[in-house]
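Since this is a predicted model, take the numbers as computed values, not measurements. So you know, we letter chains A, B, ... as the sequences are listed, proteins then strands, and number each from 1.
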There are 2 protein chains.
Amino acid sequence: MPDSSFREIRDLALFSQMADENFSALMRGAYVQNFPAQIELITEGDPSDFLHVVLSGSVDLFSAWNDRETSLATVRPISTFILAATIKDAPYLMSARTLEKSRIALIPSQDVRAVFDIDGNFARAIVTELAQCYRSVIKAQKDLKLRTSLERLANYLLRQQRRAGGAASFDLDFEKRRLASVLGMTAENLSRAFKGLQPYGLEVDGTRITVTNQAEFERFAKPNPLIDDGST
Amino acid sequence: MPDSSFREIRDLALFSQMADENFSALMRGAYVQNFPAQIELITEGDPSDFLHVVLSGSVDLFSAWNDRETSLATVRPISTFILAATIKDAPYLMSARTLEKSRIALIPSQDVRAVFDIDGNFARAIVTELAQCYRSVIKAQKDLKLRTSLERLANYLLRQQRRAGGAASFDLDFEKRRLASVLGMTAENLSRAFKGLQPYGLEVDGTRITVTNQAEFERFAKPNPLIDDGST
DNA sequence: TCCCACGATTGATAATTGTCAAGCCAACAA
DNA sequence: TTGTTGGCTTGACAATTATCAATCGTGGGA
């Protein structure tokens with residue numbers, strides 16, 4: 001594994017506090033690979049052989065049942081995914097595919113579990129990471145169960161606006177069909193939802209979004225830190 | 001804290017492997033309390049002062065937004081809740097209320113975090129617990145996004161049937177209005193959903209459920225271990 | 001015993017969301 | 001340039017789900 005990737009991973013909160021020798025042990029069995037877009041990295045139900053770290057690009061976590069499919073999350077650099085499956089030595093609950101050309105580090109799950117057993121700092125870092133993940137999913141759950149699709153879209157846009165720096169105009173960071181899936185609706189419905197938000201101060205031009213009336217838009221969206229704040 | 005409660009808690013996977021002295025330290029600040037039914041134990045948004053352990057009775061975890069409310073989970077003995085908030089020292093994402101007369105142990109979050117920092121076994125146990133919780137929520141998410149309400153109900157009934165021992169007849173373990181909320185639908189819809197499942201081999205008499213045609217019912221429900229299995 | 005409270009059910013209706021088919025448009029390759 | 005592809009949009013329609021109002025039934029409490 002090249003030194004630069006090594007450094008990037010070491011700097012992750014998950015790995016930064018562990019003992020040098022344990023980190024080295026983890027990296028010995030690890031390797032970095034470049035994947036083109038639209039490659040299925042893992043398939044739900046498979047045993048969790050590797051902990052994955054997205055170094056560049058982006059990865060879609062999705063799941064299918066009975067001919068239906070839904071996106072559950074997007075993983076962006078630098079972060080890991082399927083940590084829970086790795087720790088529990090349980091099958092993946094989600095499939096993963098690259099959204100674009102991506103560089104991914106693969107760390108054998110076995111090694112992760114072994115180091116987890118002997119390195120308290122690593123174990124504690126994992127706790128923090130898992131607690132964070134858990135709370136994110138709970139928020140997503142509340143978003144889904146408490147809001148209509150129009151409200152989910154409005155709040156998604158506010159979150160995206162904030163991530164993009166807070167300006168009135170910003171770009172969507174992925175294609176609308178996937179956004180629809182993430183928000184739990186069809187692409188057609190998303191299209192109509194964008195229209196439905198215009199009366200509340202939204203303008204859409206392709207992938208370019210402009211909030212023309214921030215106050216009115218927020219009055220409609222009613223964002224809530226216990227659902228929409230990424231940090232807590 | 002009475003010895004019996006002490007023992008029950010000690011036997012939980014979360015606490016069973018930690019050092020005696022650390023467990024004692026945790027228990028010193030803890031106390032057990034009896035609550036009547038319908039008491040709000042915690043409120044979302046509040047700081048997480050205590051890790052809760054349900055010793056008897058049951059607790060509903062729910063959340064509200066914009067005058068709507070939804071049940072996210074039910075906690076039954078013997079298990080803990082709001083572990084993630086405690087660990088992260090972050091506000092509760094859900095409110096909790098007793099569904100019936102319940103005995104709850106309260107362990108100061110501060111103590112939990114302190115012991116977590118010094119006891120590797122405790123930290124590892126927390127990881128396992130959090131990973132389990134995380135995967136449960138992911139399954140719930142998939143259930144919500146991939147299935148219609150009829151399908152969610154059918155699969156819920158199959159899970160409940162299994163929990164109850166697998167016999168064709170079994171009882172619902174809580175009132176229908178709450179079941180509706182858990183399944184993400186209205187009580188009226190649930191009522192109709194029960195009717196809608198009759199053609200697939202289901203009989204309902206009040207709280208008594210009978211699967212009259214197991215094969216046909218499962219053919220409709222299409223249960224999937226990656227959504228419906230509690231263990232993995 | 002009767003009455004009340006409360007959850008469950010039902011019917012009527014409306015809102016929301018999904019499905020299907022067609023058309024639009026920009027990107028891209030021949 | 002032309003043709004093709006794929007994503008996005010639109011319209012018409014159907015299915016699903018929610019809302020509102022009324023009723024039913026059961027289990028306490030007076």
For B:Lys145 and A:Ser71, indicate whether the former's side chain and the latter's backbone hold a donor-acceptor pair under 3.5 Å.
-> yes
So, does B:Thr186 use its side chain to make a donor-acceptor pair with the main chain of B:Asn189 at under 3.5 Å?
-> yes
With sequence neighbours excluded, what pairs up with B:Glu44 under the salt bridge (Lys or Arg N to Asp or Glu O under 4.0 Å) test?
-> A:Lys142
Give the rounded distance in Å between these two atoms: [atom1] of [X] and [atom2] of [N].
X        : N      : atom1 : atom2 : result
B:Phe194 : D:dT17 : CZ    : P     : 15 Å
A:Leu190 : D:dC8  : CG    : P     : 9 Å
A:Asn189 : D:dA15 : CG    : P     : 17 Å
A:Lys145 : C:dT17 : NZ    : P     : 16 Å
B:Glu151 : D:dT16 : CD    : P     : 9 Å
B:Leu146 : C:dT17 : CG    : C1'   : 16 Å
B:Leu150 : C:dG18 : CG    : C1'   : 16 Å
B:Glu188 : D:dT16 : CD    : C1'   : 14 Å

Tell me which residues in residues 168-183 of chain A put a heavy atom below 4.0 Å from DNA chain C, sorted by number, or none.
->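 The answer is none.
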A:Ser149, nearest nucleotide to its side chain (from C:dA21, C:dT17, C:dT9) |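 Minimum distance to the A:Ser149 side chain belongs to C:dT17.
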Any residue of residues 57-75 of chain A with a heavy atom less than 4.0 Å from an atom of DNA chain D =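 Heavy-atom cutoff 4.0 Å gives no residues at all.
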A:Asp229 and salt bridge (charged side-chain N to carboxylate O under 4.0 Å, His left out): which partner among A:Arg135, A:Arg159, A:Arg162?
-> A:Arg162
Within the pair A:Ser191 and D:dC8, is there a side-chain N or O less than 4.0 Å away from OP1 or OP2?
-> no
B:Thr186 side chain N/O closer than 4.0 Å to the phosphate oxygens (OP1, OP2) of D:dA18?
->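 Looking at the OP1 and OP2 atoms of D:dA18, one of them is under 4.0 Å from a side-chain N or O of B:Thr186.
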For residues B:Ser109 and B:Ser48, report the shortest heavy-atom separation together with the two atoms involved.
-> OG-O, 2.6 Å
State whether B:Arg178 and B:Asp60 are salt-bridged, where the test is any N-O pair (Lys NZ or Arg NE/NH1/NH2 against Asp/Glu carboxylate O) under 4.0 Å.
->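 Looking at B:Asp60 together with B:Arg178, the answer is yes, because their closest N to O distance falls below 4.0 Å.
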Stepwise side chain to side chain donor-acceptor pair (under 3.5 Å) test for A:Gln214 and A:Gln161 | CA-CA 11 Å; A:Gln214 190 78 26; A:Gln161 180 187 39; 2.9 Å; yes
Kindly assign one of parallel, tilted or perpendicular to the pair A:Phe220 and A:Tyr200, based on the angle between their ring planes and the thresholds 30° and 60°.
->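 The arrangement is parallel - the two ring planes meet at less than 30°.
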Rounded distance [0.5 Å steps], CZ in A:Arg152 versus CG in A:Leu157 =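 Spacing of CZ (A:Arg152) from CG (A:Leu157) equals 13.0 Å.
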C:dT19 base / A:Arg192 side chain donor-acceptor hit below 3.5 Å = yes
How is B:Gly184 classified with respect to the nucleic acid when contacts are heavy atoms under 4.0 Å: base, sugar-phosphate, or nothing?
-> sugar-phosphate
